Novice: 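Provided herewith is a single structure, encoded as C-alpha cells, for subsequent inquiry.
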Amino acid sequence: MGFYETVEKIDKETENEQDSEHDPFTPLNELIGNASTNTPSTQIGKKGRKRARRADLLIDVISDLVKQICALHASTGKNIRRLIDCYQFEADGIARRMKVFDKLKNIDGLPNDEQVRVGQLLVQNQVNTNLFFTLDDEFKLGFLIQLLD
C-alpha cells in the first residue's frame with residue numbers, strides 16, 4: 001500500500017469515527033479527570049475535543065498535500081516521457097543520417113558523385129532523410145533524382 005492509499009485509509013477511519021460520535025480522547029480525559037482534583041472533567045473534555053478537531057484538521061491538510069503531490073508527480077512523469085520521446089527522435093535521426101551513405105550504395109542508377117551530392121542534401125535536411133527511409137525501395141531512386149534537380 002502506497003503513502004497516498006495509507007493517508008486515504010486513515011482519513012476514512014477518521015470519518016467513520018466522527019460518524020459514530022466516538023471521541024477517542026474520552027477514556028484519557030476520564031483518567032486525567034480522576035487523577036486531577038484541581039481541573040474539572042468538563043474542561044478536559046473540551047480540550048480533548050479541541051485536540052481531536054486539530055488532529056482532524058491536520059489529517060485533512062496532509063491528505064490535501066498528498067493529493068497535490070501525487071498530481072504533481074503524475075504530470076511530471078508525463079513531461080519526462082515527452083522529453084524522452086524527443087531525445088529518442090533525435091537519436092533515431094542521428095542514426096538514420098549515419099546510415100544514409102550505406103543505403104545510397106544499394107541504389108542502382110546513381111553515379112558516385114551524385115550519391116555524394118544527394119547524401120549531403122539528405123544529411124542537411126532531416127525531413128528528407130526521414131522520408132527517404134520511409135519510402136519503399138522502388139520509389140527511392142525517383143525521390144533522389146528529384147532532390148538533385
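Count residues from 1 along the sequence. Predicted, not measured: the structure shown is a model, and the values here were computed from it.
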Novice: Take Q88 and D92, measure what side-chain hydrogen bond (donor to acceptor under 3.5 Å, both in side chains) needs, and give me the verdict at the end.
Specialist: CA-CA 6 Å; Q88 186 62 49; D92 292 343; 2.9 Å; yes
Novice: So that I can tick it off, tell me whether D102 and K99 are bridged by a salt bridge, with the cut-off set at under 4.0 angstrom between side-chain N and carboxylate O.
Specialist: no
Novice: For N130, does its backbone N or O pair with a side-chain atom of T134 as donor and acceptor, under 3.5 Å?
Specialist: yes
Novice: Are there more than 12 heavy atoms of other residues, nucleotides or ligands under 6.0 Å from atom CG of D108?
Specialist: no
Novice: To the nearest 0.5 angstrom, please state how far the CG atom of N106 sits from the CD atom of Q115.
Specialist: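 Reported to 0.5 Å precision, the distance equals 9.0 Å.
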Novice: Rounded to the nearest 0.5 Å, what separation is found between the CD atom of E114 and the CD1 atom of I145?
Specialist: 8.0 Å
Novice: Roughly how far, to the nearest 0.5 Å, is the OG1 atom of T76 from the CD1 atom of I80?
Specialist: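 The distance works out to 6.0 Å.
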Novice: If you round to the nearest 0.5 Å, how far is CG of L83 from NZ of K78?
Specialist: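 CG of L83 is found 14.5 Å from NZ of K78.
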Novice: Do L110 and L148 have side chains that approach each other closer than 4.5 Å (heavy atoms only, starting at C-beta)?
Specialist: yes
Novice: Give, for atom CG of N128 and atom CD of Q126, the distance between the pair rounded to the nearest 0.5 Å.
Specialist: 10.5 Å
Novice: What about V116 and I107, same hydrophobic cluster or not, with Ile/Leu/Val/Met/Phe/Trp/Tyr joined at side-chain heavy-atom distances under 4.5 Å?
Specialist: no
Novice: Taking C-beta and beyond as the side chain, do R117 and D113 meet within less than 4.5 Å on heavy atoms?
Specialist: no
Novice: side-chain contact (heavy atoms from CB on, under 4.5 Å) for L65 and V61? Distances and angles first, verdict last.
Specialist: CA-CA 6 Å; L65 286 173; V61 169; 4.1 Å; yes
Novice: Show your working on salt bridge (Lys or Arg N to Asp or Glu O under 4.0 Å) between D85 and R82 and close with a plain yes or no.
Specialist: CA-CA 5 Å; D85 291 343; R82 288 181 191 148; over 6 Å; no
Novice: Taking all atoms of both residues into account, what is the closest heavy-atom pair of F143 and L131, and its distance?
Specialist: CE1-CD2, 3.4 Å
Novice: Just by distance, do the side chain of D136 and the backbone of E138 share a donor-acceptor pair under 3.5 Å?
Specialist: no
Novice: Would you kindly confirm whether F101 and V118 end up in one hydrophobic cluster when ILVMFWY residues are joined by side chain heavy atoms under 4.5 Å apart?
Specialist: yes
Novice: Considering only heavy atoms from C-beta outward, does the side chain of Y87 approach that of I84 to under 4.5 Å?
Specialist: no
Novice: Does the side chain of S63 come within less than 4.5 Å of K67's, by heavy atoms?
Specialist: yes
Novice: I want to check something: taking the side chain as every heavy atom from C-beta on, are L144 and F132 in contact at a cut-off of under 4.5 Å?
Specialist: yes
Novice: Nearest 0.5 angstrom please: I94 CD1 to M98 CE, how far?
Specialist: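 It is 9.0 Å, given to the nearest 0.5 Å.
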Novice: Can you give me the closest heavy-atom contact between L122 and V100, atom names plus distance?
Specialist: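 Shortest heavy-atom contact: CD1-CG1, 4.0 Å.
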